[in-house]
Amino acid sequence: MRALLEAAGSFVREHIGSLPDQPSWDLDGFEQLVAAMREPPPEGGREIDEVLTRFGQAAAKSLNTAGPGYLAYIPGGGLFTAAIADLLADAVNRYVGLWFPAPALAQIEQTVVRWLEDLFDYPAEARGILTTGGSMANFSAIVAARHALLGEDFTAGTLYVTEHTHHSIAKAAFIAGIPARNVRAVPIDAGLRLDPDALAGMIAADRDAGLKPFFVVASLGTTNTGAVDPIDAIERVAHAHGLWLHADAAYGGFFQLTERGRRAFSGVERADSITLDPHKGMFLPYGTGALLVRHGAALRAAHSVGEGTAYLQDLAAEDELPNFTDYGPELSRDFRGLRVWLPLQLHGVAAFRDALDEKLDLTRFLYEGLLEIPDLEVPWEPELSIVAFRYRPGAPDADAPDADALNRRLLEAINASRRIFCSSTVVDGRFTLRACIVSHRTHRDRIAEALEIIRRAAKDLAG
Ligand SMILES: *Cc1c(COP(=O)(O)O)cnc(C)c1O
């Protein structure tokens with residue numbers, strides 16, 4: 001055990017210590033490496049050093065999602081203290097799906113859930129569950145609303161999103177049995193935010209047509225541009241019509257720790273459910289999401305099969321402590337509460353608040369820098385920590401490639417630096433680049449470098 005811990009420990013120290021100098025991505029020749037990994041397990045065991053070497057090679061052929069230059073999609077963080085928590089959780093391997101087998105450990109997880117509920121000013125009857133991510137949280141939210149508002153006859157159930165709502169909502173609705181045609185895209189305003197008046201009109205029209213509107217999603221930070229839907233106004237429309245309001249705060253939710261985020265999300269405390277992704281805004285490793293439900297009984301009613309499980313009869317009924325298995329689809333699962341709790345214990349809440357404030361400042365810095373680059377347009381002032389931008393060619397001549405092709409080339413040139421890695425999306429039918437700053441390892445030096453890289457790439461494009 002000591003030798004294994006030492007080998008793994010020095011691998012981790014070396015790896016994390018060199019992150020700022022590692023390329024932001026490297027997929028060159030990955031095919032050979034993939035082929036080498038395609039083999040049955042050995043009959044006898046191998047030495048740790050040999051296995052770690054292969055693992056290290058495999059990990060290096062990738063997008064460097066844990067590095068400071070990763071600005072694509074929604075960065076995934078990867079706090080070292082959470083890795084320690086996972087090691088400890090796996091080593092003690094206690095079961096927390098029900099509270100009785102490890103009550104104080106179940107309380108650790110419940111303490112994390114309660115902390116999240118308090119962060120959003122949720123009442124005592126709120127309940128929550130740590131999930132593997134935002135997708136599962138969105139799924140359980142739809143199932144809870146469906147059960148509460150539609151019962152077993154739900155194929156007329158209709159829900160409301162925008163074209164910028166995360167696709168996991170449509171996927172969750174599909175898995176939950178809601179017909180795809182009943183997922184309605186509500187018009188958006190110039191800031192790409194849901195239009196509450198249009199929502200009200202659509203709900204009324206759908207009711208008149210015999211459908212059953214039941215669920216509306218407000219994104220607290222869309223994945224494309226970080227736009228924050230006007231949740232206060234959406235809440236009034238949703239509740240006036242008896243709908244369940246779900247806040248998808250998977251990307252933006254933890255900005256609630258900051259003053260600016262709390263202001264932007266005002267009204268979220270009246271949402272019926274909230275999706276959060278600690279593996280985004282708390283910088284944790286992939287595999288940690290959360291769902292909070294205001295009236296916790298609704299979550300339980302939709303996920304508990306009550307007394308039908310005789311083989312669990314020795315396990316105590318729910319009292320003070322929740323049996324997490326009654327609040328989500330899983331029975332056996334990892335002790336993900338420790339992955340949130342231990343970093344909070346070691347760093348304190350202020351460290352997270354400060355880091356998130358830093359991300360908002362860095363985004364402002366990036367936005368203002370991009371505005372000064374000739375030939376770039378930065379159409380939306382960032383509300384959180386995503387900046388979308390495009391190359392806008394000057395006078396187009398007949399032979400010039402179209403704007404989308406130029407922007408594709410700009411993205412390639414930026415990423416060819418291997419110092420940062422950006423991704424793209426389509427807004428208004430146009431190819432659009434985006435940078436998302438959510439890694440605890442991204443600081444001002446890297447964003448200053450990013451601005452230089454983008455400036456140079458745009459200049460080269462202009463010829
Ligand atoms: C990331 C994200 C999701 C999906 O969460 P996963 O953790 O990837 O399953 C849902 N909604 C939004 C707004 C997101 O940013």
Side-chain angles (χ1 to χ4, degrees), residues 63 65-66 70-79 82 116 120 128-143 159-176 183 185-186 188 192-194 215-231 234 245-256 261 264-265 268 271 273-292 328-330 333-334 336 339-340 356 359 363 382-388 423-425 427 434-439:
L63 307 185
T65 44
Y70 190 71
L71 308 175
Y73 311 104
I74 309 278
L79 269 183
L116 296 174
F120 287 89
I129 180 101
L130 295 184
T131 65
T132 52
S135 300
M136 288 306 295
N138 284 339
F139 173 67
S140 279
I142 288 179
V143 169
L159 58 101
Y160 301 86
V161 299
T162 74
E163 63 183 280
H164 294 281
T165 301
H166 195 272
H167 73 274
S168 60
I169 292 284
K171 182 172 175 176
F174 170 67
I175 302 172
V183 180
V186 179
I188 48 178
L192 312 180
R193 296 171 289 244
L194 187 147
F215 194 83
V216 54
V217 179
S219 300
L220 299 188
T222 61
T223 316
N224 273 343
T225 63
V228 178
D229 286 332
I231 189 158
I234 296 171
L245 171 62
H246 177 64
D248 184 355
Y251 151 60
F254 285 98
F255 288 108
Q256 176 82 351
F265 300 159
V268 64
S273 50
I274 304 172
T275 283
L276 297 166
D277 250 344
H279 65 207
K280 292 173 179 165
M282 279 188 76
F283 323 118
L284 299 184
Y286 295 118
T288 324
L291 173 65
L292 311 177
E330 298 169 292
R333 61 188 186 81
D334 57 326
R336 47 191 83 118
R339 195 185 300 141
V340 189
L356 288 162
K359 302 312 145 204
T363 307
E383 293 182 72
L384 297 172
S385 72
I386 297 173
V387 189
S423 58
S424 70
T425 184
V427 186
R434 57 189 283 294
C436 177
I437 306 175
V438 192
S439 169

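Just so you know, ligand 1 is whichever comes first in the structure, and atom 1 is the first atom listed for that ligand. Just so it is clear, the values below take in all heavy atoms, side chains as well, and ignore hydrogens, waters and symmetry mates.
Judged by distance alone, the side chains of Ser219 and His166 never bring a donor and an acceptor atom under 3.5 Å apart.
Without hydrogens or angle criteria, Thr425 side chain to Asn224 main chain gives no donor-acceptor distance under 3.5 Å. Panel note: side chain Tyr251, backbone Ser385; a donor-acceptor pair is recorded below 3.5 Å.
By the 30° and 60° cut-offs, the orientation of the rings of Tyr73 relative to Tyr70 is tilted.
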May I have every N or O pair linking ligand 1 to the protein at under 3.5 Å, one per line with atom names and distance?
from, atom 1, to, atom 2, distance (Å)
ligand 1, 5 (O), Gly134, N, 3.3
ligand 1, 5 (O), Ser135, N, 3.4
ligand 1, 5 (O), Asp277, OD2, 3.1
ligand 1, 7 (O), Gly134, N, 2.8
ligand 1, 7 (O), Asp277, OD1, 3.3
ligand 1, 7 (O), Asp277, OD2, 2.6
ligand 1, 7 (O), His279, NE2, 2.8
ligand 1, 9 (O), Gly134, N, 3.3
ligand 1, 9 (O), Ser135, N, 2.8
ligand 1, 9 (O), Ser135, OG, 2.6
ligand 1, 11 (N), Asp248, OD1, 3.2
ligand 1, 11 (N), Asp248, OD2, 2.7
ligand 1, 15 (O), Thr223, OG1, 3.3
ligand 1, 15 (O), Lys280, NZ, 2.8

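Around the OH atom of Tyr286, the shell of radius 6.0 Å holds more than 12 heavy atoms that belong to other residues, nucleotides or ligands.
Of all non-hydrogen atoms in Ala141 and Leu291, the two that sit nearest each other are N-CD2, 3.6 Å.
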